[in-house]
Structure formats: structure tokens, C-alpha cells
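The residues of the chain are indexed from 1 along the displayed sequence.
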Amino acid sequence: QWPLVESGGDSVQAGGSLKLSCVASGYNQRSYCLGWFRQAPGKERAGVAAIHSDGDTSYADSVKGRFTISQDNANTLSLEMNSLKPEDTAMYYCAAENSCGYANYDATPDYNYWGQGTQVTVSS
């Protein structure tokens, strides 16, 4: 089992910042990826950012330079979100892949475990 629990979603003004967290304890694979995805109303789930067990990261062009994905020593996945825009409004999910070769922000079908999501709403 690989439980994932997201937190940190909130309503924020455009230009503001949020930090999402995902408690991802329990993973022990040698080649894993952890990722953040989002789904807006009427849209398919889309990749945002990913990090590989070797530290490599990958970002969607729409968030590159504004969002930062990272892990801490307590197996917590984070997404630092800066300069937020209304188009960032979505339900955000963390996910884990237990056999991952490299970080790929948009490898949605490859992820094995998913959290329940946390809502981010950005208003102008």
C-alpha cells in the first residue's frame, strides 16, 4: 500500500502563493516518481509536475518558473505555487508511480496510486 493524502488547497487572489503538501509515506521503490496533477471543471486530468527518485524534475510549460516540486526527509511531497493565475484553479492530486524511469510531468496513465485531491481556487 502507498497512501497519499493531500492538503494545503485554498482560495487565493491572483498573484498569490500556496504550498500544497502530500504525505506519501510508505514508498520504498528504487525507481519511483511522485507527481502533481490537476483537473478543472470540464477538463481531463492533466500533469503539472513530477519528481523522480534520483531528484530529476519535470514541469508543464504552463507552470514552469512558478511552481516547484520537492520532497522532504519525512516522505512529504510538496508543490510550491507562486504567481498564481485564475487558470490554475483546479482540484490538485498527488500520485505515485512505483516503476518509473524518469520524471515526466504528463505521464498520467503510468501512476499507480492517487490521493483524493485538494481544491485550489484562484480569483482575479
For residues [X] and [Y], determine if any side-chain heavy atom of one lies less than 4.5 Å from a side-chain heavy atom of the other.
X: Thr68; Y: Tyr59; answer: yes
X: Thr118; Y: Ser7; answer: no
X: Thr108; Y: Trp114; answer: yes

Would you give the length of the straight line joining atom [atom1] of [X] to atom [atom2] of [Y], rounded to the nearest 0.5 angstrom?
X: Gln71; Y: Thr57; atom1: CD; atom2: OG1; result: 11.0 Å
X: Glu80; Y: Arg66; atom1: CD; atom2: CZ; result: 13.5 Å
X: Arg45; Y: Asp106; atom1: CZ; atom2: CG; result: 12.5 Å

For Trp36 and Met81, run side-chain contact (heavy atoms from CB on, under 4.5 Å): C-alpha distance rounded to whole Å, both residues' side-chain angles, the deciding distance at 0.1 Å, then the answer. CA-CA 12 Å; Trp36 286 99; Met81 310 166 71; over 6 Å; no

Linking I/L/V/M/F/W/Y whenever any side-chain heavy atoms sit under 4.5 Å apart, do Tyr105 and Val120 land together?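 No, separate clusters.
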
Do you reckon Met91 sits in the same ILVMFWY cluster as Val23, going by side-chain contacts under 4.5 Å, direct or chained?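 Looking at the clustering, Val23 is in a separate group from Met91.
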
Starting from the C-alpha separation in whole Å, work towards a yes-or-no answer on side-chain contact (heavy atoms from CB on, under 4.5 Å) for Tyr102 and Ser58. CA-CA 9 Å; Tyr102 64 98; Ser58 173; over 6 Å; no

What pair of heavy atoms forms the shortest contact from [X] to [Y], and how long is it?
X: Tyr92; Y: Asp88; answer: OH-O, 2.6 Å
X: Ser62; Y: Arg38; answer: OG-NH2, 3.5 Å
X: Val48; Y: Val63; answer: O-CG2, 3.6 Å
X: Leu34; Y: Ala96; answer: CD2-CB, 3.6 Å
X: Asn112; Y: Ser99; answer: OD1-N, 4.4 Å
X: Ala60; Y: Gly47; answer: CB-O, 3.7 Å

I'd like to check the side-chain hydrogen bond (donor to acceptor under 3.5 Å, both in side chains) partners of [X]; sequence neighbours left out, ordered by chain and number.
X: Tyr93; value: none
X: Asn104; value: none
X: Lys85; value: none
X: Asp54; value: His52

With a 3.5 Å distance limit and no angle check, can you tell me whether Gln116 reaches the backbone of Glu6 through a side-chain donor-acceptor pair? no

For Ser31 and Gly101, indicate whether the former's side chain and the latter's backbone hold a donor-acceptor pair under 3.5 Å. no

Can you sort out the partners of Tyr111 under ring pair (Phe, Tyr, Trp, His ring centres under 6.0 Å), two or more places apart, ordered by chain and number?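 Ring pair (Phe, Tyr, Trp, His ring centres under 6.0 Å) list for Tyr111, sorted by chain: Phe37.
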
Would one find more than 12 heavy atoms of other residues, nucleotides or ligands at under 6.0 Å from atom CD of Glu44?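 Check fails, neighbour count at 12 or below.
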
Should Glu87 and Val122 be marked as a side-chain contact (heavy atoms from CB on, under 4.5 Å) after you check the CA-CA gap, both sets of side-chain angles, and the distance that decides it? CA-CA 8 Å; Glu87 50 263 46; Val122 184; over 6 Å; no

List, one per line, each side-chain donor-acceptor pair under 3.5 Å for residues 11-21, sequence neighbours excluded.
unit_1: Gln13; atom_1: OE1; unit_2: Ser123; atom_2: OG; d: 2.8
unit_1: Ser17; atom_1: OG; unit_2: Asn82; atom_2: OD1; d: 2.9

